[in-house]
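This report refers to the structure that appears directly beneath it.
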2 protein chains.
Amino acid sequence: MPVTIQDVAREAGVSVSTVSRAFTVPEMVRDETRHHVLATAERLGYRPNRAARGLITGKTGNLGVIVPDLSNPFFPNVLKGVQARAREADYAVFLADCDENATEEIALVQAMAKQVDGVILCSSRMSEAQLERVVGTTSLVLINRQVRNQPAVLMDTAGGMRQAAEHLAALGHRRVAYLSGPRASWSNRERRRGLRRAARQDIEVVELGPFAPRFEGGSHAADLALAEGVTAIIAYNDLMALGVMSRLADRGVSVPKEMSVVGFDDIPMAGMATPPLTTVSMQNERAGRAAVDLLVSLLNVTGAEAGDLRRGLECQLIVRASTAVPRDPTGR
Amino acid sequence: MPVTIQDVAREAGVSVSTVSRAFTVPEMVRDETRHHVLATAERLGYRPNRAARGLITGKTGNLGVIVPDLSNPFFPNVLKGVQARAREADYAVFLADCDENATEEIALVQAMAKQVDGVILCSSRMSEAQLERVVGTTSLVLINRQVRNQPAVLMDTAGGMRQAAEHLAALGHRRVAYLSGPRASWSNRERRRGLRRAARQDIEVVELGPFAPRFEGGSHAADLALAEGVTAIIAYNDLMALGVMSRLADRGVSVPKEMSVVGFDDIPMAGMATPPLTTVSMQNERAGRAAVDLLVSLLNVTGAEAGDLRRGLECQLIVRASTAVPRDPTGR
DNA sequence: TGAAACTCTGCAATCCTTTGCAGAGCGCGT
DNA sequence: ACGCGCTCTGCAAAGGATTGCAGAGTTTCA
């Protein structure tokens, strides 16, 4: 029932080759004929079958994106960027959620491989070795993961942490707690690294955790941080920061008067919390777009000269109301 | 470079037909041969090319899902359900975000049509007429949208509203505000309907709005509700409810002592607010799974007898700490 | 022993496009 | 009038898989 190139050819009174060329190499067919063909196609509602085209060109016009967990508020926004940019570049996108599971992730890459021109891996859960192995299955672009000279878009989370540390230092904080996220996570390592480096000079960092990178993890961590006598807390992510604030409120500790709190991610909720949370914003949607750009340019390159394989994205501290000058800079 | 069915055939010393059958109609090839073929395929890392298969079978093994806005926390969860169930049924899923734009949505359906066996439309932004028109382009399943006898999975939001109303009535509230969402939205109409019906007996509902279905819309609405002298507020969704609570806190109105607040959606943030928000939970992930089930069964049906084209999903009131007995049941 | 009845495998057509190659038609110079 | 060079179009193969049909081989039974 769907209309094929043959239908158009017959209706327009030309051969299929001509119809095909009218679409793919317009300058090769006479203006008059081309207009006629295109008009007929339009009238019949013809749209080339991408699968059939892919069979012969070797390009599918699709790309895949794999995320660890859709219900993590971090990912939908990068997905949105991927989606938007892909559509602009006339690619369709396959989505898969690997449920935080590396094995599943590998399976998904392999399942997708034949149907896509390339895959974007968001915060891959694979080990270094596993990643090395799937490289070559298809073109790969990583987001927030660094391995060998794989193409990647990396958020400068270390820089974000530096901004957070400088902000607290400028306010007069001297002893702050870092609430660590999952040990194995690349993001967590980067954040710790950025913080430690920035802190060296004038801030003492006491590191706690790891905690679950969720609201409950934050509630849990809050008490520990309180016992450490710090004046400020930097959480691995906003969810934890929110948990911290909630627990502090329960214990009657006022934020930011008695304790400053900084999050990371700038999830939509951050600005709506009481008090609105100071946090580091990461341009997720931009990251998604950048990944697509990178992938597409990779696909259009002849092979040899690859150009720049890395894209960096700045993070930005958003100062809201959860941070302030400490009452007693040395802790209570 | 990718390994094709021919490679397997050559390597296994059989014809391509046999290899094909070993995969698609195993009982048709002798056990011994089949094992040999399958083993060879495994060894070579062969995976059938779905596009090529689709060309001849007419089935692609893909389905599409279109959402209005990925950054709306409602959708990622249904997406997660779609994704998970699709994978179980061995379908890959195309994702698209139409940016709240009906025209774009239509274009996306058409662009997908050739590449998928069916499309799931989440809370479609199309008008009735537009929807009628795209029906037939491909198999369609709607989520939270009702039109003619199109297959759909519908959340019983009206029922959820009833629960909320009963809850407030039981606490002793007699006059409550409903903060309306977008007028054109099917969900909003359903929620109003459910509330009005449930309220008839013992609650007076004053309807305000429409407001933007976001945090800011809630802040805006809070003052108006306060002026109406109600003892409880039901918001179109959680985002608004959170905005209401934030604004009430600013104005020194204590929740739930002086004002009860009920949300809708049960977004992750709801339970983390202060106080934790009483809200209606909608099984988004289940909805996603149900939509896939419906679509798949639709595809496997011969054509004539279609069976049950509707799936209903119950909503459930989650009572947390933002609702309580009113100080003065008649308002202040 | 021979024929019938199966079971299994291979041939070749088919799905929808793209594309190399060759041919048709035309204009132009000689 | 002829041939050359263009431009444009058509033929047919190719791409990876499925499937109807027919043939090869084996078993069963008379």
Side-chain angles (χ1 to χ4, degrees), chain A residues 1-38 40-41 44-62 90 92 110-117 138, chain B residues 1-38 40-41 44-62 90 92 110-117 138:
Chain A
M1 179 72 40
V3 31
T4 77
I5 201 173
Q6 335 255 4
D7 301 326
V8 179
R10 193 178 333 106
E11 184 76 12
V14 297
S15 77
V16 293
S17 331
T18 305
V19 179
S20 172
R21 280 193 270 257
F23 280 95
T24 54
V25 264
E27 68 278 11
M28 202 171 167
V29 21
R30 192 154 42 109
D31 281 14
E32 192 188 353
T33 318
R34 175 159 39 83
H35 288 140
H36 177 54
V37 168
L38 260 30
T40 320
L44 265 46
Y46 168 71
R47 311 184 63 106
N49 181 325
R50 292 188 137 199
R53 170 184 293 179
L55 211 48
I56 184 156
T57 61
K59 316 222 136 284
T60 61
N62 301 144
D90 202 30
Q110 289 171 341
M112 280 187 176
K114 279 271 190 30
Q115 290 198 98
V116 301
D117 296 337
T138 182
Chain B
M1 180 70 42
V3 29
T4 76
I5 199 172
Q6 335 256 4
D7 301 327
V8 180
R10 193 177 334 108
E11 184 76 11
V14 298
S15 76
V16 293
S17 333
T18 305
V19 179
S20 172
R21 282 193 269 256
F23 280 94
T24 54
V25 263
E27 69 277 12
M28 202 172 166
V29 23
R30 192 156 40 112
D31 281 14
E32 192 188 354
T33 318
R34 175 158 40 82
H35 288 138
H36 178 54
V37 168
L38 261 29
T40 321
L44 264 48
Y46 167 72
R47 311 185 61 107
N49 181 326
R50 293 188 135 197
R53 170 183 292 176
L55 212 48
I56 184 156
T57 59
K59 317 222 134 284
T60 62
N62 301 143
D90 201 30
Q110 290 171 340
M112 279 186 176
K114 279 271 191 31
Q115 291 199 96
V116 300
D117 296 337
T138 183

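Any value given below was found using the heavy atoms of this structure, including those in side chains, with hydrogens, waters and symmetry copies removed. Sequence lines set the chain letters: A, B, ... in the order given, protein chains first and strands last, and positions in each chain run from 1.
In this structure, B:F23 atom CZ and D:dA17 atom C1' are separated by 12 Å, rounded to whole Å. Here D:dA17 presents its C1' atom at 16 Å from NZ of B:K59, a figure rounded to the nearest Å. With rounding to whole Å, B:Q115 atom CD is found 12 Å from C:dT17 atom P. The distance between atom CE of A:M28 and atom P of D:dC6, rounded to the nearest whole Å, is 15 Å. Taking atom CD of residue B:Q6 and atom C1' of nucleotide C:dA12, one finds them 13 Å apart after rounding to whole Å. Put simply, CZ on B:R53 is 9 Å from C1' on D:dT18, counting in whole angstrom units. Spacing between atom CZ of A:R21 and atom C1' of D:dC11 amounts to 10 Å, rounded to whole angstrom units. Going from atom CG of A:L55 over to atom P of D:dT18 covers 12 Å, rounded to whole Å.
Between B:R50 and the choices B:N62, B:L55, B:T60, the side chain to side chain contact (heavy atoms under 4.5 Å, CB included) rule is met once, by B:N62.
No side-chain heavy atom of A:V19 sits under 4.5 Å from any side-chain heavy atom of A:T40. Within the 4.5 Å cutoff, no side-chain heavy atoms of B:T138 are placed close to those of B:M112.
Residue contacts for A:V14: at a heavy-atom cut-off of 4.0 Å it reaches the sugar-phosphate backbone alone, with no base atom in range. Base engagement by A:S20 is indicated by at least one non-hydrogen atom pair under 4.0 Å involving a base atom. Here A:R34 lies out of heavy-atom contact (under 4.0 Å) with every strand.
Remark: the backbone N or O of A:D31 is paired with a side-chain donor or acceptor of A:H35 at under 3.5 angstrom.
For the pair A:T18 and D:dG10, the criterion of a side-chain N or O lying under 4.0 Å from OP1 or OP2 is met. OP1 or OP2 of D:dT9 has at least one side-chain nitrogen or oxygen of A:R30 nearer than 4.0 Å.
Counting heavy atoms of neighbouring residues, nucleotides and ligands inside a 6.0 Å radius, atom CD of A:E27 exceeds 12 of them.
Residue order along DNA chain C, read from the 5' end via each residue's closest nucleotide, puts B:T33 first among A:Y46 and B:T33. In terms of position along DNA chain D, the nucleotide closest to B:A52 lies nearer the 5' end than the nucleotide closest to the other residue of the pair B:V25 and B:A52.
Scanning atom types as modelled, one donor and one acceptor separated by under 3.5 angstrom connect the side chain of B:S17 and the base of C:dC11.
For B:I5, whose side chain is taken as the heavy atoms from C-beta onward, the closest listed nucleotide among D:dG10, C:dT9, D:dT18 is D:dT18.
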